[in-house]
Structures are given as structure tokens and as C-alpha cells.
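To start, the structure under review is shown below, and the notes come after it.
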Amino acid sequence: MLIPHLHDWPTTEAEALAIQHELVGRVNVSVPLGTIRTLAGCDIAYDTASPKLVAAVVVLDWPSRTVIEKTVVRAEATFPYVPGLLSFRELPALLEAFAQLGHAPDAFMLDAQGVAHPRNFGLACHLGLWLDRPCVGCAKSWLVGDYAAPGPTAGDTSPLTLHGRTLGSVVRSATNAKPVFVSPGHKIDAAGATALVLQSLSGYRHPVPTRLAHMLANEERAKL
DNA sequence: GCGACAG
DNA sequence: ATCTTGTCGC
């Protein structure tokens, strides 16, 4: 898929923060969930004791869940891991993987935060702006926001708020498993992001799209 | 000052 | 994220 250039990559934290502040205003989390015919799951696996990493993308026909395309890209981390600046570390490699895609998925799902971020600009938001397509963040741990524990059964949800505003939701993706934190990244609203994650559950803690991408990334890393 | 901190 | 075996539970 074609990916227009959005901005150059920063070298320092100060530059990264400036980019976030410059782009937050363009994020749109007011779009209702539309018809999704293809959904992409994305993830990255890191090598131990080396800056090498693998970005993986799995495109699924939706809602049949049939895998229709996969892409993996080997790259090297250029930006360090800094809480709140994760996108500057993972996006470059992910964008390379998307560029190799023959399909242009209707929506994307990531193991990261969307607007549930200190500056409301998580990886899912950043990716959404680059691709100009719906992106959903489904993180495995909390970063910001207040919430009450969701019920113990798969599918149970609880709102994730901040300063009285609903950012997303906390979803019990699998019975008796720790919940995941869902928030829209771009071109989708909180309800839509949550609905898409609920449609993606399969008995495991991770939604099908990111679960498959995670497995693919690990397989490729083993070949490093 | 103290605690928290996606992957 | 990553390093790691067995083990408790459905």
C-alpha cells in the first residue's frame, strides 16, 4: 500500500515531543465503526543483545478471520524505548512492513495505546495519521486513565476515563486473564475500537490480529 | 518531594 | 520487549 510521507524521524526526545504536540490536533476519534472487510494485526519482536528487530503484519479477511497476506521486515531500532514515545521506536519498521503490503487494510490493530496516552498520542494514533486509516490500540498494560476492574468473564468491559472523559475501555479478553486496555488511535471512536476488539476475541488474551502478528514476528526473529 | 511509566 | 521450567487449573 502507498504511504505518503508525514514527517522526518527525530533523534532526540525533545524533537519527538514537538512532533507529538504538532500532530495531536489531527487525531480523530469521533468516527463510528464502519464496515470492516480486511483487518491487519501488527507487532514487533526484539532481538536479545542487539538492536535488531522484526516487524510483522498479518492481514485478515473480516469477519471470516482468514489470513490473506503476511509481511515481515527486519530492521534496527534507532530510537530508545521511552515511556510515552514508543511510536518513534516502532513505527519506522512497521511502516516498511505496510509499504510491502499488496492490500490496503480497512483497519489496523496494535499491541499499544491509542489516545490513552499522557499526551493523547499513543502509537495507534501516530500510525493512524501516517496511514490515514482506522487504527485501534489494544495494550497489555495500563499507561494512563482511571477504571474499575471489568467483570471476570471474557467480553466484560469497563470504561477507561481521564479527567471525566472516556478514552477507551478495559476489556476482559479471556476469562480469568488480566484485562487489555483498548483505546482508539484514529478514524474510529471509543465504542468502535472496543467493538472491534470484542469481535476479535478467540479464547486467548490477545485479539486474533495481534496474536497472529506476534507469532509471526517471533518466528522470523528465530531466523536472525 | 514521591510514585508511575505502552513495548 | 526479553531472559525461562515446571506447574496449577479448567
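Only a predicted model underlies this, so the values are computations on that prediction, with no experimental measurement involved. Reminder, nothing fancy here: chain letters follow the sequence lines and each chain counts from 1.
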- [ ] Start with the C-alpha distance between A/Arg221 and A/Leu224, add both sets of side-chain angles, then the distance that settles side-chain contact (heavy atoms from CB on, under 4.5 Å), and finish with yes or no.
- [x] CA-CA 5 Å; A/Arg221 181 187 55 181; A/Leu224 290 178; 3.9 Å; yes
Open item on the list: Does any part of the side chain of A/Lys187, heavy atoms only, come nearer than 4.5 Å to the side chain of A/Asp132, both counted from C-beta?
Closed with: yes
TODO: Verify, without hydrogens or angle tests, whether A/Ser87 (side chain) and A/Leu123 (backbone) share a donor-acceptor contact under 3.5 angstrom.
DONE: no
Open item on the list: If only side-chain N and O atoms count, and only distance matters, is there a donor-acceptor pair under 3.5 Å linking A/Tyr81 with A/Glu90?
Closed with: no
- [ ] Under the side-chain contact (heavy atoms from CB on, under 4.5 Å) rule, what do A/Asn218 and A/His214 come out as? Steps first, then yes or no, please.
- [x] CA-CA 6 Å; A/Asn218 283 324; A/His214 191 272; 3.1 Å; yes
Open item on the list: What's A/Ala45 touching, base or sugar-phosphate or nothing? Going by heavy atoms closer than 4.0 Å.
Closed with: sugar-phosphate
Task: A/Thr194 and A/Ser169: side chain donor to acceptor below 3.5 Å - done: yes
TODO: Return the set of residues passing ring-ring contact (aromatic ring centres under 6.0 Å, His included) with A/Phe121 (not counting sequence neighbours), or none when no residue passes.
DONE: A/His126
- [ ] Go along nucleotides 2-7 of chain B 5' to 3' and tag each nucleotide: B for a protein heavy atom under 4.0 Å from its base, S when only backbone or sugar atoms are that close, - otherwise.
- [x] --SBBB
Open item on the list: I need the CG-P distance between A/Leu94 and C/dA1, as an integer number of Å.
Closed with: 14 Å
Open item on the list: Nearest whole Å is fine: how far is C/dT4 C1' from A/Asn218 CG?
Closed with: 14 Å
Task: Along DNA chain C (nearest heavy atom to each residue), the more 5'-positioned of A/His206 and A/Asn176 - done: A/His206
Open item on the list: Is any side-chain heavy atom of A/His21 closer than 4.5 Å to one of A/Arg119?
Closed with: yes
Task: Secondary-structure notation, DNA chain C, from Watson-Crick and G-U pairs under 3.5 angstrom (| other strand) - done: ..........
